[in-house]
2 protein chains.
Amino acid sequence: MNGTDPEMIADGRRRKGERRRRLLLDAVMRVVERDGVAAVSQRRVAAEAGVAPSAVTYYYAAVDDLLVDALTRVNDTYVAALATLPDDADAALRALAGMIAVGPERAHVMAECELFLLAARRPALRPQIERWNRAVDAFLAPHVPDPDDRAGVCAAVDGLFVRACTEPGLTVEEVYRTLSRLVSRNGRAALR
Amino acid sequence: MNGTDPEMIADGRRRKGERRRRLLLDAVMRVVERDGVAAVSQRRVAAEAGVAPSAVTYYYAAVDDLLVDALTRVNDTYVAALATLPDDADAALRALAGMIAVGPERAHVMAECELFLLAARRPALRPQIERWNRAVDAFLAPHVPDPDDRAGVCAAVDGLFVRACTEPGLTVEEVYRTLSRLVSRNGRAALR
DNA sequence: TAGAATCTGGTGCGAACGCTCAGGTTTATT
DNA sequence: AATAAACCTGAGCGTTCGCACCAGATTCTA
């Protein structure tokens, strides 16, 4: 994320502004979770955050910018999470599966997916996509050395994210099983 | 698709109606292609089809129904296309890659992707998702016999669809390469 | 303490939205 | 020719939307 840690800002005015920004972004996420990206509007977010509609305009010139910022933040958390997964292949895959198949907390997963589709149309989000792709690729690199093999596993990770959106009942066990199969077939163990 | 072939309907009135319905659905696809699912509205579709706004309401009680119908049709074409792919593994994968990486004609690919995300919220679209998943699974079954291995390849297919949306420059060659790698690693050839 | 920067909430405009409805046109049936 | 069914439309109602504008409150700097 481009945002500096709010607590590190000296100026108390700006600090309050940053806090306010977070309030709005959290509200956006709640709206996305409940009604989807399409339902995100200036007024609705304001109502969700308990704030005057004009406050949204104050911090974001257009609602579109708000959306971009919110989805960027979601991507941040995922990229960061990928970077801190354990080194051990099995443990890492299990953790990744846990990130994908999260029953009730689907909001972030769906937001990440909607980010992908949104990026297909909005150039402003393209860098986020590339960041995500690079992060997945880097995470898999140690376990699936061959780039061509890795491309398939990367695609599968994306596909599993989508499936997690469409199938709320998807379990961590299922995702883990699929992932570990893929890695064992395409990864180190399969190399001759 | 539930719709009967319009040309087979005896009643000229209904036939005209069916033609009209197609006109609207084509307009929807054009709007989706240009501005995304979010931009689909009664008035916009009507304008795109060169029809009075009330005409949309006449054929579809709510715009949501229009969207469901349009996306269902897209899914129809994909499911049908999957069913008629050649038996030969290599030829089939090449054809599938051609379905995914279609440069300018991305509209249908994106529509299929948006269908997936929409279905995450609308129960009316759930059956379409399951139909798609079954179709992919059935297509891959001869080439990737083991169900657990197949799950990974299925996920990768979905992921490649998403990637085709976010990367307009994705080539058929790249997709084919990835797919054939996956199948050779997970499929018949890899079995012991 | 003065002044600048930041924040806040209220009001309102123009546009687009979904949807209803009364009534007119076309086509099929009898 | 008469009746009915299906098709089609223009006008319009009520709602929501994004955004602009601005007066006043708050907060920091000097």
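Contact between the side-chain N/O atoms of B:Arg21 and the OP1/OP2 oxygens of D:dC7 is not found at any separation under 4.0 Å. Of the side-chain N and O atoms in A:Arg20, one or more sit less than 4.0 angstrom from OP1 or OP2 of C:dG9.
The nearest whole Å value for the distance from the NZ atom in B:Lys16 to the P atom in D:dA6 is 15 Å. At whole-Å resolution of the value, CZ in B:Arg15 and C1' in D:dA5 are 16 Å apart. With rounding to whole Å, B:Leu23 atom CG is found 11 Å from D:dT9 atom P. Note: CD (B:Glu18) to C1' (C:dT27) measures 16 Å, nearest angstrom. Across the protein-nucleic acid pair, B:Leu24 atom CG and D:dC7 atom P stand 12 Å apart, rounded to whole Å. For the pair A:Tyr59 OH and C:dT6 P, the computed distance is 11 Å after rounding to whole Å.
Remark: of the listed residues B:Glu173, B:Glu167, B:Glu174, B:Glu174 is the sole one forming a side-chain hydrogen bond (donor to acceptor under 3.5 Å, both in side chains) with B:Thr171.
One distance of note links CZ of B:Arg121 with CZ of B:Arg126; it measures 11.5 Å at 0.5 Å rounding. Atoms CZ and CD, from A:Arg73 and A:Gln128 in turn, are 12.0 Å apart once rounded to the nearest 0.5 Å. In this structure, A:His108 NE2 and A:Thr77 OG1 are separated by 6.0 Å, a value rounded to the nearest 0.5 Å.
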Each nucleotide of nucleotides 17-24 of chain C classed B (base within 4.0 Å of a protein heavy atom), S (only sugar-phosphate) or -, in 5' to 3' order, makes BBBB----
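Counting heavy-atom neighbours within 6.0 Å of A:Arg177 CZ, excluding the residue itself, gives a total of 12 or less. For A:Arg21, the CZ atom counts as densely surrounded, since its 6.0 Å shell holds more than 12 non-hydrogen atoms of other residues, nucleotides or ligands.
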